[in-house]
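A, B, ... follow the sequence lines: proteins, then strands. Residue 1 opens every chain. Values in this document were obtained by computation on a predicted structure and should not be read as measured data.
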Amino acid sequence: MEQELIWDLEQEKQRIMVHPILGRIEKGRRVKFTYDGREVEGYEGEPIAAALKAQGVMIHRYTAKKHSPRGIFCAIGRCTDCVMVVDGEPNIRTCITPLREGMTVQTQYGVSAEPFENQ
Amino acid sequence: MNTLSDRSRDIGEFVSQPGDEMIICRCEEITKGEIRRAVHEGMFTMTEIRRYLRAGMGLCQGQTCSKLVKGIVARELKVSPADLEPATSRVPMRPIEMKVFANENEDEDE
Amino acid sequence: MPLPERNDMKRYDLIVVGAGPSGLSAAIEASKRGVKTIVFDENARPGGQLFKQIHKFFGSKEHKAKIRGFVIGQQLLDEAGKAGVEVVLNATVIGLYQDKEIVVKTGDTVHHYKGDSIIIATGASENMVTFDGWTLPGVIGAGAAQTLMNLHGIKPGKRVLMLGSGNVGLVVSFQLMQAGCEVAALVDAAPEIGGYGVHAAKVARTGVPFYLSHTIVKAEGTDHVTGVTIAAVDDHFRFIPGTEKHFDVDTICVAVGLSPMSQLLKMAGCRMSDDPKRGGQVPIIDGHGETSIPGLFAAGDVSGIEEASSAMIEGRQAGIYAAEFLGFISKTEMDNGEEKLDAALDGLRQGMFAPKNRGKNIEKTEEGIDISRNLLCRGFIGDDEIERFPGVTHKAGVHPVIECTQNIPCNPCQDACAMHCIMVGKVITALPAVDPSLKCADCGMCVASCSGQAIFLVNEDCGDGTATVTLPYEFLPVPDEGTRGRALGRNGQEVCDAEVVKIRTSPAYDHTTLLTMSVPKEFAMKARFFKANA
């Protein structure tokens with residue numbers, strides 16, 4: 001537990017550990033998943049976008065027409081800007097899709113996980 | 001008579017302006033210039049703009065941009081945004097996969 | 001020939017769309033009256049936006065004033081559970097038809113339901129403004145910031161610029177600081193702050209600069225936000241060249257208002273109107289929340305943008321109206337049920353920020369006192385303006401100083417004081433007045449009870465050349481007693497040295513820490529925040 005806390009503080013500075021009003025932030029089990037082929041960790045049940053944000057990930061996808069970067073915008077599943085390729089399926093709203101152990105999360109290029117130069 | 005439906009009304013030629021390259025519809029990546037140009041090409045209603053440009057027809061279904069598009073069209077037509085009828089609302093309100101849309105639960109026994 | 005009825009369609013007395021404050025309240029009241037009710041919500045959790053609201057609510061007891069939003073959300077869920085309300089989550093209503101049939105997507109299937117009455121309580125969506133770079137990752141809605149930090153425990157950014165000075169922009173700015181983020185500036189194109197002055201003041205006193213009549217020129221960065229440039233605008237909202245200011249930020253938060261999410265009602269064929277005072281496209285409803293389609297009701301933000309407190313009352317009323325429409329209660333029972341609610345709703349719709357006063361230029365309070373210009377234009381009351389308000393009095397010993405200077409519907413301070421020093425009176429929007437002839441017990445309850453964090457306990461002269469100022473403190477870390485630092489003025493500027501002499505916490509304060517600092521006595525009426533030395 002102690003070690004996990006230290007790990008958090010060093011690796012995930014964007015996580016709020018203790019909040020003045022909400023107290024200690026309770027999370028689920030710590031799980032591993034892959035982000036663009038890299039093994040990373042998050043908490044089970046939190047939105048994929050939250051786990052990525054804690055890792056400092058800003059870019060979730062590049063748009064189809066102008067190839068411009070997009071990330072979290074509304075965080076409640078409305079705007080669809082944060083969609084990524086999750087377990088091979090494109091257009092998954094990461095801000096409302098709960099993280100599960102072993103998930104494969106990939107940056108979305110247009111509607112594919114393949115960078116544009118390979119499409 | 002409703003001034004908006006008066007298609008003989010001359011609103012002048014499209015003249016490009018600074019800011020025309022600004023993305024308005026984030027999903028379909030439609031710019032302000034494209035919307036302004038569409039008005040000058042005769043698209044006077046929100047429904048026409050939608051069909052002509054696909055602005056507001058992307059994944060989010062106009063959640064973010066419809067008010068912005070309306071403002072731009074109204075300005076081009078020199079009317080108040082409140083006078084523009086919003087685009088038609090129809091099923092489905094949220095993005096949905098066709099396979100789900102077609103999957104109607106036929107017998108629900110509980 | 002009529003079509004045979006579909007055998008898969010389930011029937012309910014009442015279908016509620018949206019499990020936020022108004023939808024849940026509606027379902028509770030209807031269920032209590034025997035109405036078979038089902039609630040659909042597209043989100044994974046019920047409660048709508050209530051669980052992201054960590055500040056204490058305004059109003060009076062009947063409006064659950066001084067209780068934090070997420071606690072009210074939990075109370076509402078408990079009440080719904082007791083009333084036997086059936087809530088279906090992750091259920092997206094994708095269609096609504098004139099004959100009160102709805103289409104709901106749950107999982108991988110689409111279901112049809114028929115309601116003898118329907119209440120639409122879908123709430124609102126956030127407005128946006130465009131600026132160069134607004135699609136860059138790092139530009140987020142204020143709602144996104146609240147969701148990330150208050151629901152998921154994630155900081156939206158390290159350094160944030162807030163665009164929008166309405167209550168959402170002000171409250172979220174404060175919450176960002178509570179989450180440990182730095183707020184670089186608060187910007188609004190309007191010349192005056194849109195939200196409550198008390199919300200602005202609690203942000204300003206921490207040192208956040210306000211830029212009114214300014215807006216964003218450009219979000220900087222190629223892959224994500226690395227900075228922002230703002231500039232002043234003229235009366236026609238055009239940039240004034242040469243006024244540009246740059247801030248290094250990684251996040252830009254946009255809080256420029258809400259629009260009713262009324263598309264389902266339009267789809268059903270309800271008569272609609274575009275009403276700027278209500279936030280956009282709203283259904284035309286009668287005094288009972290009923291749309292032009294009999295038995296189809298609307299409640300909460302979908303019928304006009306207001307606060308969660310009013311949405312809950314409107315919801316309860318809609319539940320009662322639906323029960324009457326369905327014949328579960330008589331008209332007399334309906335009238336009895338809603339009378340109190342009407343009065344409660346009316347109470348919330350008073351004061352300077354009432355819907356009826358939107359867009360009006362109000363220069364004086366109901367008491368005839370000039371409103372602080374600094375508060376409107378810079379976010380804080382000037383030292384030379386504070387003395388004219390009835391909550392500011394002077395006497396020997398500890399006494400409350402109430403820097404509440406606008407007529408808003410709120411009165412918990414009155415009940416908080418066991419010594420009856422504080423008086424709001426029958427008119428809930430009246431400015432609280434302090435009676436200096438009564439003794440203050442220095443219990444701190446008024447400080448903690450003020451949802452606007454506008455009450456201070458001041459001892460102007462401790463006899464040794466110092467004064468003490470007790471202020472509400474909702475940040476971490478809480479400085480220890482004995483910590484030395486600087487006192488900040490209402491404008492967030494350092495005014496003098498200060499030392500923390502007392503830290504008080506109590507369950508009765510509900511997570512508001514009371515920090516007492518000692519300052520030279522000439523700063524008793526100027527020092528309003530504490531910043532520890534680095």
Side-chain angles (χ1 to χ4, degrees), chain A residues 35-36 47-53 57-100 103-119, chain B residues 16-38 41 43 46 49-73 81 86-103:
Chain A
Y35 160 65
D36 281 350
I48 297 168
L52 292 176
K53 180 84 180 150
V57 174
M58 296 294 285
I59 302 166
H60 287 222
R61 67 176 180 119
Y62 291 89
T63 59
K65 262 198 217 168
K66 302 188 191 267
H67 300 190
S68 62
R70 297 285 172 84
I72 297 171
F73 186 58
C74 83
I76 52 169
R78 298 257 169 76
C79 77
T80 66
D81 252 343
C82 69
V83 297
M84 298 178 86
V85 182
V86 177
D87 289 339
E89 203 179 323
N91 286 343
I92 300 298
R93 291 173 287 175
T94 55
C95 69
I96 54 162
T97 304
L99 180 68
R100 289 192 318 272
M103 265 182 166
T104 305
V105 179
Q106 292 169 287
T107 303
Q108 183 169 317
Y109 301 86
V111 288
S112 159
E114 286 291 326
F116 293 113
E117 55 270 30
N118 301 339
Q119 284 183 23
Chain B
S16 67
Q17 284 174 1
D20 272 350
E21 67 294 339
M22 185 94 73
I23 294 281
I24 302 298
C25 169
R26 295 166 70 100
C27 298
E28 293 291 317
E29 298 178 83
I30 312 292
T31 64
K32 184 177 182 182
E34 288 173 277
I35 296 166
R36 290 182 51 247
R37 184 186 289 276
E41 284 169 353
M43 305 301 140
M46 295 302 288
I49 293 282
R50 246 180 114 126
R51 290 183 183 168
Y52 192 63
L53 293 175
R54 285 196 56 80
M57 286 177 89
L59 269 184
C60 96
Q61 287 292 296
Q63 285 289 327
T64 314
C65 72
S66 41
K67 217 171 188 171
L68 297 170
V69 176
K70 205 174 173 187
I72 294 166
V73 174
T88 313
S89 301
R90 62 164 64 83
V91 179
M93 282 292 306
R94 292 281 191 267
I96 183 168
E97 286 174 276
M98 285 310 291
K99 67 174 184 198
V100 177
F101 199 34
N103 188 17

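- Looking at B:Gln63, only its side chain comes within 4.5 Å of chain A, counting heavy atoms on both sides.
- Taking SG from B:Cys60 and CZ from A:Arg93, the interatomic distance works out to 10.5 Å, rounded to the nearest 0.5 Å.
- For the pair B:Ile23 and A:Lys65, the minimum side-chain heavy-atom distance is 4.5 Å or more.
- Between A:Cys79 and B:Cys27 the shortest heavy-atom distance is O-SG, 4.0 Å.
- Only the backbone of B:Glu28 comes within less than 4.5 Å of a heavy atom of chain A; no side-chain atom from C-beta onward does.
- Here the shortest heavy-atom pairing between A:His67 and B:Glu29 reads N-OE1, 4.4 Å.
- With sequence neighbours excluded, the residues that form a side chain to side chain contact (heavy atoms under 4.5 Å, CB included) with A:Ala50 are A:Glu46, A:Pro47, C:His152, C:Ile154.
- A distance-only check finds a donor-acceptor pair linking the side chain of A:Arg70 to the backbone of B:Arg26 [under 3.5 Å].
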